[in-house]
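Once you've had a glance at the structure underneath, I'll fire off some questions.
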Amino acid sequence: MNSVIDTIQGHRSIRAFKETPITPEQLETIIASGISASSSSLLQVVSIIRVTDKQKRAELAKLAGNQAYVESAAEFLVFCIDYQRHYAMNPNVKPEFMELTLIGAVDSGIMAQNCLLAAESLGLGGVYIGGLRNSPNEVDTLLGLPPYTAILFGMCLGHPDQDPQLKPRLSPQVIVHENHYQPLDLTLIDQYDQTMMDYYQSRSSNAKQQGWSEQITAKLSQESRPFMMGYLNGKGLAKK
């Protein structure tokens with residue numbers, strides 16, 4: 001083991017932050033680490049919007065589902081697919097292809113994870129805010145995004161004011177397949193369900209009585225932001 005692996009495997013989502021600001025040097029390091037991430041064909045199709053305006057932060061917190069830590073975090077970054085810069089360089093580019101939207105989403109995730117790992121290595125903490133996609137058009141308008149750009153998610157960063165437990169993950173026996181896709185061993189899911197129930201019961205707040213499989217399959221049995229395709233198409237993305 002080394003310090004990099006310790007940081008990666010010690011990840012916890014932080015939703016309570018101290019009022020201590022992140023220094024300009026720390027933020028510069030975090031952003032530089034994100035920009036250093038892998039980029040498909042060096043397309044570099046991600047933009048980050050740093051939201052410092054308090055009124056906009058408050059509105060984003062509401063639009064994300066009343067997540068107060070969007071307001072209270074020292075920094076709030078919004079990660080966006082961005083083909084506008086390419087279109088501005090040459091209007092012959094064709095951002096409407098679904099493959100390019102996938103590349104934008106993949107590269108945004110890679111860049112964001114670099115940012116979060118850099119922050120955690122500096123003793124900071126953070127949490128992803130996918131709730132921005134609850135109201136993508138409203139967030140888009142608030143942040144003034146042009147055509148061929150689209151919001152994906154936000155990230156809160158700051159000095160942790162909580163010390164949550166590590167949340168157990170699925171076993172590599174479930175996640176990793178060798179040479180071909182292998183049938184699911186449901187006994188491994190049963191074991192994980194019990195692990196998660198034990199974890200939830202050990203928490204001082206938000207204890208749950210359900211296992212992982214029951215929670216997740218219930219979630220996946222509902223509609224999941226069916227308006228997102230219309231939003232992306234409206235931005236000139238994922239049309240073909």
Side-chain angles (χ1 to χ4, degrees), residues 13 31 34-53 55-67 69-71 73 75-116 126-157 181 215-240:
S13 292
I31 297 298
I35 292 172
S36 297
S38 299
S39 171
S40 179
S41 300
L42 201 61
L43 292 176
Q44 301 182 85
V45 294
V46 185
S47 278
I48 301 172
I49 298 178
R50 179 192 179 204
V51 184
T52 57
D53 182 279
Q55 188 172 346
K56 287 190 176 183
R57 283 272 208 108
E59 186 62 24
L60 288 171
K62 292 178 183 176
L63 292 172
N66 296 311
Q67 299 189 64
Y69 27 93
V70 172
E71 262 191 280
E75 295 285 343
F76 187 64
L77 308 177
V78 179
F79 290 80
C80 308
I81 297 174
D82 186 358
Y83 286 99
Q84 174 59 36
R85 68 168 68 100
H86 307 78
Y87 185 81
M89 291 187 290
N90 185 339
N92 290 321
V93 302
K94 302 182 185 301
E96 65 267 26
F97 284 94
M98 184 65 194
E99 170 64 9
L100 296 183
T101 299
L102 288 174
I103 287 172
V106 169
D107 282 12
S108 293
I110 295 170
M111 179 181 286
Q113 189 66 6
N114 261 27
C115 288
L116 184 56
V127 64
Y128 287 99
I129 306 295
L132 292 183
R133 298 193 304 280
N134 291 343
S135 306
N137 289 295
E138 292 85 349
V139 174
D140 190 294
T141 299
L142 184 67
L143 299 179
L145 297 190
Y148 311 123
T149 62
I151 62 103
L152 289 174
F153 53 84
M155 180 187 291
C156 297
L157 292 172
Y181 195 94
Q215 293 180 61
I216 297 307
T217 54
K219 182 179 179 65
L220 294 176
S221 299
Q222 303 171 4
E223 282 191 338
S224 184
R225 299 180 180 129
F227 43 79
M228 280 303 299
M229 181 61 76
Y231 165 66
L232 292 171
N233 290 168
K235 299 310 302 286
L237 302 170
K239 287 185 169 183
K240 297 181 180 179

Please lay out, stage by stage, how Q113 and Y128 fare under the test side chain to side chain donor-acceptor pair (under 3.5 Å). CA-CA 10 Å; Q113 189 66 6; Y128 287 99; 2.6 Å; yes
Closer than 3.5 angstrom, by distance alone: can the side chain of K235 be matched with the main-chain N or O of P146 as a donor-acceptor pair?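 Yes; at least one donor-acceptor contact below 3.5 Å.
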Looking at every heavy atom in both C156 and Y69, which two are closest together, and how far apart are they? SG-O, 3.5 Å
Please name the pair of heavy atoms, one in C80 and one in S108, separated by the smallest distance, quoted to 0.1 Å.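 Between these two residues, the closest heavy atoms are O-OG, 3.9 Å.
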Run the side chain to side chain contact (heavy atoms under 4.5 Å, CB included) check on L145 and I49 step by step: do they pass? CA-CA 10 Å; L145 297 190; I49 298 178; 3.4 Å; yes
If you compare all heavy atoms of N233 against all heavy atoms of A238, which two are closest, and at what distance to 0.1 Å?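 That would be ND2-O, 3.0 Å.
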Sidechain-backbone polar pair: R57 side chain, T52 backbone, donor-acceptor under 3.5 Å: no
dist K56:NZ -> L143:CG (nearest 0.5 Å) comes out at 6.0 Å
Intermediate values then yes/no, side chain to side chain contact (heavy atoms under 4.5 Å, CB included), I129 and F76: CA-CA 10 Å; I129 306 295; F76 187 64; 3.8 Å; yes
Between G236 and K239, what is the shortest heavy-atom contact and its length? CA-CE, 4.0 Å
Stepwise side chain to side chain contact (heavy atoms under 4.5 Å, CB included) check, L77 with I31: CA-CA 10 Å; L77 308 177; I31 297 298; 4.1 Å; yes
Any side-chain heavy-atom pair from F79 and I48 closer than 4.5 angstrom?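 In contact.
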Test side chain to side chain contact (heavy atoms under 4.5 Å, CB included) applied to Q84 and S47, step by step: CA-CA 10 Å; Q84 174 59 36; S47 278; over 6 Å; no
Pairwise side-chain contact, Y83 with L100, heavy-atom cut-off 4.5 Å (strictly under):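 Heavy-atom side-chain distance check passes, below 4.5 Å.
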Would you find a donor on one side and an acceptor on the other, under 3.5 Å apart, between the side chain of H86 and the backbone of L43? yes
Rounded to the nearest 0.5 angstrom, the CD1-OG distance for I110 and S36 is 13.0 Å
Heavy-atom pair with the smallest gap, counting every atom of Q67 and G131: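 Closest pair (atom of Q67, atom of G131, distance): NE2-CA, 4.0 Å.
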Non-hydrogen atoms of C115 and G34 that approach each other most closely: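 Closest approach of C115 to G34: SG-CA, 3.6 Å.
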Would you compute the distance between atom CD1 of I151 and atom CG of D82 and round it to the nearest 0.5 angstrom?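 Going from CD1 on I151 over to CG on D82, the span is 13.5 Å.
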Spacing of S39 atom OG and I103 atom CD1 [to the nearest 0.5 Å]: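 S39 OG to I103 CD1: 9.0 Å, rounded to 0.5 Å.
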What's the spacing between L63 CG and R133 CZ if we round to 0.5 Å? 14.0 Å
Rounded to the nearest 0.5 Å, what's the gap from OG1 on T149 to CG on L237? Could you check? 7.5 Å
Within the structure provided, determine whether V127 and L116 are in side-chain contact (heavy-atom separation under 4.5 Å).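 The answer is no; the side chains never approach within 4.5 Å.
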What I'd like to find out is whether the side chain of P136 reaches to under 4.5 Å of the side chain of R225, using heavy atoms alone.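 SC-SC contact between P136 and R225 ruled out.
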